[in-house]
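Below, chain A is the first sequence line, B the second, and so on; all start at residue 1.
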2 protein chains.
Amino acid sequence: MKRNTWQREAVREALDGTEGFISAQALHSTLHASGSPIGLATVYRALGDLATTGEADSLQSPDGEALYRACSTTGHHHHLICRNCGSTVEIAADEVEAWAHRVAGEHGFTRAAHVVDVFGLCANCTRLVAAE
Amino acid sequence: MKRNTWQREAVREALDGTEGFISAQALHSTLHASGSPIGLATVYRALGDLATTGEADSLQSPDGEALYRACSTTGHHHHLICRNCGSTVEIAADEVEAWAHRVAGEHGFTRAAHVVDVFGLCANCTRLVAAE
DNA sequence: ATGGTTTTGACAATCATTATCAATAAGCGT
DNA sequence: ACGCTTATTGATAATGATTGTCAAAACCAT
């Protein structure tokens, strides 16, 4: 049976209160900083569970870290991520949605899950870089 | 200055002779199996270089491994990857291409590089899983 | 409150990747 | 062809994220 513990709640809330993606390590640090004695392993487990149940999205950062994000809607959405400052913008991707399923189907694939994330430089960072 | 070594050539050729994506570790094993005494660190370096110069594509597998693939054309393309057996199908993504740039532009982003990969179960593995 | 079971958490183990650094070898000028 | 300078190699250690272990603690139906 699935039990409710304050730890799981803490992780869920911490994730809800976070803008954009965050790594398990960072989330653990945040919780600790807030005075929570939650264990690192527990944070990993909770995040894994949330991702499995669809309550959180997860993706791999370019340097191999797993990043998580609270997923309010059950609906699928994608992200525009600044390579420099890490800010994210949620984007709708209906066209891509349809495309992904069609292409997967054309090749006999089932259970298609797509990873569509656009990395770039946000307006702000573009300016900063140009000023160098 | 950039020097040419047989090691770099070996990695390039091994990658060319590989279907689909392969991890650095796997490529190193393959090379060793072929009798090459090349070092693991060197394989990592060579792959990193190839990815930087655009001679190879790289992506992160769902479990955090970096995967590489020889990139014959300079043209951009995407992949349909079987979660189970790892086989890949190269897919055209013109629509997505245009979409990614448009969306990035709408939010003031520049230098957009997108990661569009579809993970699923190929026809074969779908059958295997169903038979369980 | 009690018991059976799940969950936790400190720590060890694992695994991919990167750093270190002495030894080697590429490519240049001669 | 010969050195010489310097990039590259490779064995190994270090790192860093993630997962496994397992006894102790917490949850919940009773």
Side-chain angles (χ1 to χ4, degrees), chain A residues 1-15 18 20-53 55-69 81 86 115 117, chain B residues 1-15 18 20-53 55-69 81 83 86 115 117 119:
Chain A
M1 184 204 308
K2 192 64 148 293
R3 294 179 184 176
N4 280 343
T5 62
W6 64 266
Q7 286 97 332
R8 238 188 272 270
E9 268 312 306
V11 169
R12 204 195 310 265
E13 280 179 25
L15 198 60
T18 301
F21 285 92
I22 189 171
S23 70
Q25 304 274 347
L27 195 62
H28 178 240
S29 297
T30 300
L31 284 165
H32 253 217
S34 317
S36 172
I38 191 170
L40 177 56
T42 305
V43 173
Y44 273 98
R45 277 185 290 244
L47 285 175
D49 289 350
L50 289 176
T52 300
T53 62
E55 291 181 76
D57 279 336
S58 75
L59 66 84
Q60 296 280 333
S61 81
D63 41 87
E65 248 183 318
L67 302 180
Y68 297 87
R69 168 140 204 242
I81 305 161
V115 178
D117 286 293
Chain B
M1 184 204 309
K2 194 65 149 290
R3 293 177 184 176
N4 279 343
T5 61
W6 63 265
Q7 286 96 333
R8 240 188 272 272
E9 268 311 306
V11 169
R12 203 196 312 263
E13 280 179 25
L15 197 60
T18 301
F21 283 91
I22 188 171
S23 70
Q25 303 274 348
L27 195 62
H28 177 240
S29 296
T30 301
L31 283 165
H32 253 217
S34 317
S36 171
I38 191 171
L40 176 58
T42 303
V43 174
Y44 273 98
R45 277 186 290 245
L47 285 176
D49 288 351
L50 289 176
T52 299
T53 61
E55 292 181 76
D57 279 335
S58 74
L59 67 84
Q60 297 279 335
S61 81
D63 39 86
E65 249 182 318
L67 302 180
Y68 297 88
R69 167 138 204 239
I81 306 161
R83 221 192 310 269
V115 178
D117 287 294
F119 287 86

**Q.** Footprint string (nucleotides 22-30 of chain C, 5' to 3'): B base within contact, S backbone only, - free, heavy atoms under 4.0 Å
**A.** ---BBS---
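When rounded to the nearest whole Å, the span between CD of Glu9(A) and C1' of dA26(D) equals 16 Å. To the nearest angstrom, P of dC15(C) lies 11 Å from CD of Glu65(B). Atom CD1 in Ile22(B) sits roughly 13 Å away from atom P in dA16(C) (whole-Å rounding). For the pair Leu47(A) CG and dG9(C) P, the interatomic distance rounds to 14 Å; values are reported in whole Å. Nucleotide dC11(C) holds its P atom 12 Å from the NE2 atom of His28(A), rounded to whole Å. For the pair Leu40(B) CG and dA13(D) P, the interatomic distance rounds to 14 Å; values are reported in whole Å. The CG atom of Asp49(B) sits 14 Å away from the C1' atom of dT18(C) (whole-angstrom rounding).
A pairwise comparison of heavy atoms in His32(A) and Ile38(A) identifies NE2-O, 3.3 Å as the closest pair. Smallest separation of non-hydrogen atoms from Ala14(A) and Leu27(A): CB-CD1, 3.7 Å. Tyr68(A) approaches Ala51(A) most closely through the heavy-atom pair CE2-CB, 4.2 Å.
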Q.
Show, in sequence, the C-alpha distance, side-chain angles and deciding distance for Gln25(A) and Leu40(A), and conclude whether the side-chain contact (heavy atoms from CB on, under 4.5 Å) test is met.
A. CA-CA 7 Å; Gln25(A) 304 274 347; Leu40(A) 177 56; 4.2 Å; yes
Q) How far apart are the C-alpha atoms of Thr30(B) and Ile22(B), what are their side-chain angles, what is the distance that settles it, and do they pass the side-chain contact (heavy atoms from CB on, under 4.5 Å) test? A) CA-CA 10 Å; Thr30(B) 301; Ile22(B) 188 171; 4.2 Å; yes
Q. Between Leu47(B) and Leu15(B), does a side-chain contact (heavy atoms from CB on, under 4.5 Å) hold up when you go through it step by step?
A. CA-CA 9 Å; Leu47(B) 285 176; Leu15(B) 197 60; 4.1 Å; yes
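The nucleotide whose nearest atom lies closest to any side-chain atom of Ala41(A) is, among dA19(C), dA17(D), dG9(C), dG9(C). For Tyr44(A), the side-chain atoms get nearest to dA17(D) when compared with the rest of dT17(C), dA17(D), dT8(C).
Between Ala24(B) and Arg8(A), it is Arg8(A) whose nearest contact on DNA chain C lies nearer the 5' terminus.
Distances shown here put a side-chain N or O of Gln7(B) below 4.0 Å from the OP1 or OP2 atom of dG10(D).
Put simply, the side chain of Arg45(B) and the base of dG10(D) share a donor and an acceptor less than 3.5 Å apart.
Side-chain atoms of His28(A) do not come within 3.5 Å of backbone N or O of Thr42(A) as any donor-acceptor pair.
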